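Reading through the structure tokens given below for one structure.
Just so we're on the same page: letters track the sequence lines, and every chain starts at 1. In this text the structure is predicted, and so the values were computed from the model without any measurement.
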Amino acid sequence: MGPRWKGKGAEARALADPMSEIVSRLKSSLIESNAHGLLSGCSVLLAAEAVQSDLLNRACFGRPVVTAEKDEQWFQLSMEEAFYLCFTLKCLSIHGGDNCRKTDEELWKYMTEKKSTFPEFFKAYAHLRMKNWVVRSGSQYGVEYVAYRHHPSLVHSEYAVLISTEGDGGENGRLRVWSDVHCTVRLCGSVAKALLVLYIGKCGKGDTSPSCVTLYSVEERVVARWSPKDCREDQSDRP
Amino acid sequence: MSKMDSEDWDRLSSDPDLLEQDLQDEEEYNYTSNSSSKLQFRKVTSVARWSSSVGMSEVVERKGQLWTTTGIVRSGKLYCSIEETLFFMEIGALLLLSENDQSVSLETMYQQLTEEKDGCCWELYEVYRHLKSLGYIVGRHDIPWSLKSVKRNTGTVSSEGTSESLEVHSARDCNSITERFVKMDLNELKLVFDVYFPNGKFRKSSPGEPSYVLCLIRGQPPSKIEIEILERQCGDIPLKFCLVEHGRVSFYSFSKVELPVLP
């Protein structure tokens with residue numbers, strides 16, 4: 001199943017405007033403005049002026065928070081998005097309620113306490129983002145993420161992403177029984193997405209510090225159902 | 001690009017015209033694997049004799065084209081596994097005789113299958129029947145269809161006389177085939193069938209590589225390690241897991257991919 005571009009010219013527009021460059025411009029803009037986000041619950045709130053706002057939207061980080069404010073657009077970033085900007089791209093600092101800047105280690109501790117599966121979820125998120133895929137929440141499809149080749153206005157997402165960790169606690173608990181496989185594959189199929197499972201290997205590195213994550217392994221596999229009824233044309237005519 | 005509000009995100013993420021795809025999917029799910037209504041009952045009957053020493057039947061009277069894609073050839077004779085025998089008995093294309101030439105009933109063969117001594121079990125038979133009914137060519141994994149294909153692969157230079165070592169006495173060879181399955185550990189994951197797409201030009205002497213290799217699985221979905229171990233045994237041939245639940249056969253692949261790095 002290849003990419004499904006939305007309308008004529010979408011693919012060309014995407015090619016002309018590579019995601020890596022959009023993200024790069026976003027990074028520069030955030031650094032220049034000394035951007036800082038506010039850690040609140042499981043989100044990071046970020047106020048952005050017009051240009052930054054546009055870049056955040058184009059790079060698909062965060063969800064806009066609708067307010068009456070005219071000068072600033074508030075964005076709500078997920079923990080993965082915020083940590084990616086902060087720790088991987090190093091373009092955002094994150095402050096707590098006391099307005100003190102949190103270190104990477106403090107953020108990591110906070111986020112892993114909020115969600116025990118944060119280490120593998122973050123690894124999966126970062127793995128795809130670093131390949132310049134757009135990664136958004138997949139909760140409406142019962143998966144972790146959905147991955148797009150470019151902005152969602154230009155292309156449908158191709159992959160519904162689930163995370164699998166083997167043993168060692170912190171297990172995500174998906175695809176442990178066949179009914180879950182049947183259910184998830186069917187659902188993905190009905191929305192024309194392939195089910196991509198990211199197997200995260202912690203390699204005995206544990207998850208006590210963010211630097212552990214850079215040493216995790218990621219293996220990509222697509223889980224698909226084969227219907228022998230649908231594809232049995234006589235192969236004898238093939239060269 | 002215009003500002004996106006949260007509703008825009010939701011709208012862009014869903015796709016109403018995919019509902020049709022879902023309906024087609026629905027149809028497919030109502031198709032039962034035990035599609036007896038689609039089986040063509042044959043008018044022409046072949047005859048085979050069951051040999052309990054090898055756990056296979058020897059075809060003594062071949063009728064029809066089905067034998068080009070069924071059974072293994074050893075020393076010029078044609079032998080069928082229990083699943084092949086059962087399938088053709090079920091569709092009325094095979095009359096099975098016992099060693100003393102008595103007609104063997106379907107019930108007797110179902111009982112034989114229950115004993116699981118001939119390298120097969122009910123679930124494996126369901127998989128075999130499902131694929132065979134759809135026209136696929138199915139053989140036990142790693143069992144040559146004919147020793148001529150083995151000869152070819154080992155690159156024997158002379159075609160006559162010198163290949164005695166490869167011409168195994170048929171009974172002995174058959175024994176070793178079933179021996180592999182004698183202790184069927186139902187929990188052990190192993191490759192069971194080689195599957196070829198329907199092919200009017202299939203030849204046992206040079207079948208080519210199968211399209212898929214199947215592994216029967218029960219219990220839980222395979223772990224990453226289990227998948228890797230099995231893949232190594234398959235070489236380049238795609239691996240599929242088959243699962244039988246309530247008489248319904250499903251096939252899944254867990255294929256390794258590499259998402260491209262995008263511009």
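- Of the two parts of L128(A), only the side chain, counted from C-beta on, holds a non-hydrogen atom closer than 4.5 Å to a non-hydrogen atom of chain B.
- Here the two rings, on W226(A) and Y136(B), have centers that are under 6.0 Å apart.
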Start with the C-alpha distance between K229(A) and H130(B), add both sets of side-chain angles, then the distance that settles side-chain contact (heavy atoms from CB on, under 4.5 Å), and finish with yes or no. CA-CA 10 Å; K229(A) 183 171 154 260; H130(B) 180 84; over 6 Å; no

Chi angles and distances behind the side-chain contact (heavy atoms from CB on, under 4.5 Å) call for W133(A), V261(B): CA-CA 8 Å; W133(A) 286 74; V261(B) 175; over 6 Å; no

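- Residue K224(B) touches chain A through both its backbone and its side chain, counting heavy-atom pairs closer than 4.5 Å.
- Within the 4.5 angstrom heavy-atom criterion, atoms from both the backbone and the side chain of L259(B) approach chain A.
- Closest approach of W178(A) to R218(B), counting heavy atoms only: NE1-O, 4.2 Å.
- Here the closest heavy-atom approach between residue S20(A) and residue P263(B) is recorded as OG-C, 3.4 Å.
- Only the side chain of V185(A) has a heavy atom closer than 4.5 Å to any heavy atom of chain B.
- A salt bridge between K256(B) and E220(A) is absent, with no side-chain N of the basic residue lying under 4.0 Å from a carboxylate O of the acidic one.
- For the residue pair R176(A) and Q220(B), the shortest heavy atom distance occurs at O-OE1, 2.9 Å.
- Within the 4.5 Å cutoff, the side chain of K131(A) has heavy atoms near those of the E258(B) side chain.
- Within the 4.5 angstrom heavy-atom criterion, no atom of L195(A) approaches chain B.
- Closest heavy-atom contact between N132(A) and L262(B): ND2-O, 2.8 Å.
- Separation of atoms NE2 (H182(A)) and CZ (R248(B)) is listed at 8.5 Å; rounding is to 0.5 Å.
- For CD of Q65(B), the number of neighbouring non-hydrogen atoms (other residues, nucleotides, ligands) closer than 6.0 Å is 12 at most.
- When all heavy atoms of P221(B) and L175(A) are compared, the closest pair comes out as CG-O, 3.4 Å.
- In summary, E231(B) and R221(A) engage in a salt bridge, as defined by a charged side-chain N under 4.0 Å from a carboxylate O.
- In this structure, the portion of Y212(B) lying under 4.5 Å from any heavy atom of chain A is its side chain and not its backbone.
- Within the 4.5 Å cutoff, side-chain heavy atoms of Y199(A) are placed close to those of I227(B).
- Surrounding CD1 of I225(B) are at most 12 heavy atoms belonging to other residues, nucleotides or ligands under 6.0 Å away.
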